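Every number for a ligand or one of its atoms is a count from 1 in the order of the listing. Computed from a predicted structure; not experimentally measured. For this chain, numbers begin at 1 and follow the sequence in order. Basis for what follows: all heavy atoms, side chains included, without hydrogens, waters or symmetry-related copies.
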Amino acid sequence: TYIVNDACIACKYTDCVEVCPVDCFYEGENMLVIHPDECIDCGVCEPECPADAIRPDTEPDMEKWVEFNRKYSELWPVIITKKDPLPDAEERDGEEGKLEKYFS
Ligand code: SF4
Ligand code: F3S
């Protein structure tokens, strides 16, 4: 599976949702997640994210993000259409520690 990590937080560009063939992105207040059981591992969303927030779970130490994505994809509504990024997206892009600072 692929997952969304904290680089998405406070940016939420949503370019990713336009390309997903199985509509497995779910939307929270300030980030998206991927449902790990619905993702078919096609990889097309990864290069679409301007914040580089989408990663394959084959990278090291990804268990935490897989569980995070699973948890919130079961709580949040699906998103299938691109929308405007969050207002501070460019400022927050690349900032460290976004999970602690902005996640809600
Ligand atoms: Fe959707 Fe493919 Fe990205 Fe998985 S890897 S979230 S199926 S676009
Ligand atoms: Fe987030 Fe990147 Fe999609 S910032 S909303 S994962 S395009």
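- For atom 2 (Fe) of ligand 1, the N/O/S atoms of Cys20 include none lying under 2.8 Å.
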Inset, instruction - Using the side chain to side chain contact (heavy atoms under 4.5 Å, CB included) rule, take Val66 and Asp57 through it: C-alpha gap first, then chi angles, then the decisive distance, then the call. - result: CA-CA 7 Å; Val66 174; Asp57 75 340; 3.8 Å; yes
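- The shortest contact between atom 4 (Fe) of ligand 1 and any protein heavy atom is with Cys39 SG, 2.3 Å.
- Every atom of ligand 1 with a heavy atom of Gly43 under 4.0 Å away is listed here by number and element: 2 (Fe), 5 (S).
- Annotation: Phe68 is in aromatic contact with Phe103 [ring centroid separation under 6.0 Å].
- Contacts between Cys16 and ligand 1 below 4.0 angstrom, taking non-hydrogen atoms only, are absent altogether.
- Here the SG-OH distance, from Cys45 to Tyr2, works out to 7.0 Å after rounding to the nearest 0.5 Å.
- Interface atoms of ligand 1 facing Tyr2, defined by a heavy-atom separation under 4.0 Å, are 5 (S).
- Within 6.0 Å of atom CD in Glu18, more than 12 heavy atoms from other residues, nucleotides or ligands are found, so the atom counts as buried in its surroundings.
- Close approach to Phe25 involves these atoms of ligand 1, each under 4.0 Å from a residue heavy atom: 6 (S).
- Residue-level proximity to ligand 1 for Ile40 is carried by backbone and side chain together, each with a heavy atom below 4.0 angstrom.
- The two atoms that bring Cys24 and Cys39 nearest to each other are SG-CA, 3.7 Å, heavy atoms only.
- Of the possible polar contacts, one joining the Lys98 side chain to the Ile9 backbone as a donor-acceptor pair under 3.5 Å is found.
- The two residues Val17 and Leu32 have their closest heavy-atom pair at CG1-CD1, 3.5 Å.
- Close approach of ligand 1 to Val44 (heavy-atom distance below 4.0 Å) involves ligand atoms 8 (S).
- Closest protein heavy atom to atom 3 (Fe) of ligand 1: Cys45 SG, 2.2 Å.
- Around atom 2 (Fe) of ligand 2, the protein N, O or S atoms closer than 2.8 Å are Cys49 SG, listed by chain and residue number.
- Side-chain contact between Arg55 and Met62 is present, with at least one heavy-atom pair separated by less than 4.5 Å.
- Close approach of ligand 1 to Cys24 is summarised as follows: ligand atoms under 4.0 Å from at least one heavy atom of the residue are 1 (Fe), 6 (S).
- Atom numbering of ligand 1 starts at 1 in the shown order; those under 4.0 Å from a heavy atom of Val22 are 7 (S).
- Using modelled atom types, no side-chain atom of Ser73 and backbone atom of Val33 make a donor-acceptor pair closer than 3.5 Å.
- Closest to atom 2 (Fe) of ligand 1 among all protein heavy atoms lies Cys42 SG, 2.2 Å.
- Contact of the Asn69 side chain with the His35 side chain is not registered, since no non-hydrogen atoms from C-beta on lie closer than 4.5 Å.
- Across all their heavy atoms, Lys82 and Thr14 have their closest contact at CG-OG1, 3.3 Å.
- Checked by atom type and distance alone, the side chain of Lys12 never pairs as donor or acceptor with a backbone atom of Glu27 at under 3.5 Å.
- If you number the atoms of ligand 1 from 1 as listed, the ones under 4.0 Å from a heavy atom of Ile34 come out as 6 (S).
- In this structure, Phe25 and Val78 have side chains that are not in contact, with every pair of non-hydrogen atoms separated by 4.5 Å or more.
- With ligand atoms numbered from 1 in the order given, ligand 1 contributes 8 (S) to contacts under 4.0 Å with heavy atoms of Pro21.
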